[in-house]
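Order of the sequence lines sets the chain letters (A, B, ...), proteins ahead of strands, with each chain counted from 1.
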Amino acid sequence: MKKLLLVDDEEAIQMVYREEFEDEGYHVISALNGEIGLAKFKEDTPDLVILDIQMPGMNGVEVLRQMKMLNPSIPVILSSAYQEFKRDLGTWASDEYVVKSGDLDDLKNSVRRLLKLDNK
Amino acid sequence: MPELRKDPVLGRWIIISKERRKRPTDFPVEVSTGLGGFCPLCPGNEAFTPPEVFALRDGGQPANGEGWKVRVVPNKYPALIIEGDLSKEGLGLYDRMNGIGAHEVIIESPNHNHSFADFSPKEMALVFKAYKERIIDLEKDLRFRYVMVFKNHGRAAGASLEHSHSQLIALPILPRMIVSELEGAQSHYKYKERCIFCDIIHQEIQQKERIVCENEGFLSIMPFAPRTPFEMWILPKKHSSAFYTQNDGELYSLAELFSESLQRLCKCIPNVPYNYVLHTDPLRSGGLEYFHWHFEIVPKLTSIAGFEWGSGFYINPLPPEEAALFLRESLTLS
């Protein structure tokens, strides 16, 4: 079972994502801020990270740079409600950038693509 | 008494507020410390960028690997996309078109901590060569009318990574600022039959008070009506409207003067954030007698607030004659 680390400060997002991805057969671990996310990244070695950008404390781009420093081979998807952060070249360290929407198809497809799973 | 000054090309007014007169040390500069961590622009991390469209590397080394000196890649998350045909439509009195364009990032050095102002002229000339080669290549794409090359240095000036880089965007339209500059220059040419920038160069060399430094081929000046303190223009002394026509020797000469100008600025205001923009002629314009390519370097030392947005005026607390004097005295070059 592939392990996803979800880092997002919004509990409602966490709840929805967890439900959707667990239904797809993933094991989901989560963190409500960047610092905890980084600690879980080190401890739990996920197969993939879904990372919010705008969070209190360390923002997602800072967390991303630390994660890639620790292990560049673990794919990280930046997931934000805003396109604007794409202007930050620090986002290039991510493997994909998915704009949040009510429909999770894009995000699910990105996860499958990066984990090299067959698209359903 | 404040003074209003008019830019002779754009007709834009600025206010020199002499009573707010300042010294270089009076401008607060936020020192941005490097974030540390992974850098997608560093050698070894080429897989995190899109495949390169241009690189200067020693012979024999394969593309998209290490060993490069300057590397140009498409923006991973571009503002405009390169694929597709141009499609324009009217919505009543409004116009819109799809977002076609090329958005590229020029990675200026393999060394993460090498600040552009500290580049040797040889290193800087390679960056300018990359600009030239990309403009020549993008000119072949008939969808594009203009290539804008710019650099953001420092967080306050919009840079999001400390690894030295600049950007270019090839656009299917002429930016309004360039249109205004072309119109202003053309108007002067119609009246005087001379390039206004050549006239500026001639007058500045005579007057000397706004010159920062010069060499045989290029001149670095503070413009008569600068938007911000220490705004600098770097122009070729010989008339040329197209940056891409410069040969390697001219690019090296430009790099020597550009490097000296930035060193003087950074000596005067350490860690100064700045933007620079290359002003060159529209693609396929065939050489214009009335326009003159140049770089504009704009330090980010003052804020743009309601008055500036509303009026288009800029308030500059430091006359360019004094700013140029500060820069001339800032370095004792051996």
Peer 1: Looking at A/Lys3, I'd like to know if its NZ atom is crowded, meaning that more than 12 non-hydrogen atoms belonging to other residues, nucleotides or ligands lie closer than 6.0 Å.
Peer 2: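 Enclosed.
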
Peer 1: Which distance, rounded to the nearest 0.5 Å, do you find between the CG of A/Leu78 and the OH of B/Tyr77?
Peer 2: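 With rounding to 0.5 Å, CG (A/Leu78) is 6.5 Å from OH (B/Tyr77).
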
Peer 1: Check whether B/Lys76 reaches the backbone of A/Asp95 with its side chain - one donor and one acceptor, N or O, closer than 3.5 Å.
Peer 2: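 Pair absent, no side-chain N/O of B/Lys76 close to backbone of A/Asp95.
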
Peer 1: For A/Glu43, is the CD atom crowded, meaning more than 12 foreign heavy atoms sit under 6.0 Å from it?
Peer 2: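 Enclosed.
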
Peer 1: Select one option (side chain, backbone, both, neither) describing which atoms of B/His163 are under 4.5 Å from chain A's heavy atoms.
Peer 2: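 Contact with chain A is absent: no heavy atom of B/His163 under 4.5 Å.
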
Peer 1: Is it the case that more than 12 heavy atoms not belonging to A/Glu19 sit under 6.0 Å from its CD atom?
Peer 2: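 Counting other residues, nucleotides and ligands, CD of A/Glu19 stays at 12 neighbours or fewer.
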
Peer 1: Just how far is it from atom NZ of A/Lys68 to atom CZ of B/Phe48, taken to the nearest 0.5 Å?
Peer 2: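 Interatomic distance, A/Lys68 NZ to B/Phe48 CZ, rounded to 0.5 Å: 4.0 Å.
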
Peer 1: Surrounding CG of A/Asp103 (heavy atoms of other residues, nucleotides or ligands, distance under 6.0 Å), is the total greater than 12?
Peer 2: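 Enclosed: over 12 neighbouring heavy atoms sit under 6.0 Å from CG of A/Asp103.
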
Peer 1: Heavy atoms, side chains only, cut-off 4.5 Å: are A/Trp92 and B/Leu161 in contact?
Peer 2: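 They are not in side-chain contact.
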
Peer 1: Between B/Gly37 and A/Gln66, which heavy-atom pair has the shortest distance, and what is it?
Peer 2: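 Here B/Gly37 and A/Gln66 meet closest at CA-NE2, 3.9 Å.
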
Peer 1: Which atoms of B/Pro78 come close to chain A, meaning under 4.5 Å heavy atom to heavy atom: side chain ones, backbone ones, both, or neither?
Peer 2: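 Neither; nothing under 4.5 Å.
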
Peer 1: Within a strict 4.5 Å, meaning less than it, do heavy atoms of the B/Asn75 and A/Arg87 side chains meet?
Peer 2: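 Counting from C-beta outward, B/Asn75 and A/Arg87 never come under 4.5 Å.
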
Peer 1: Determine whether more than 12 heavy atoms belonging to other residues, nucleotides or ligands lie under 6.0 Å from atom CE of B/Met97.
Peer 2: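 Yes, the 6.0 Å shell around CE holds more than 12 heavy atoms from other groups.
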
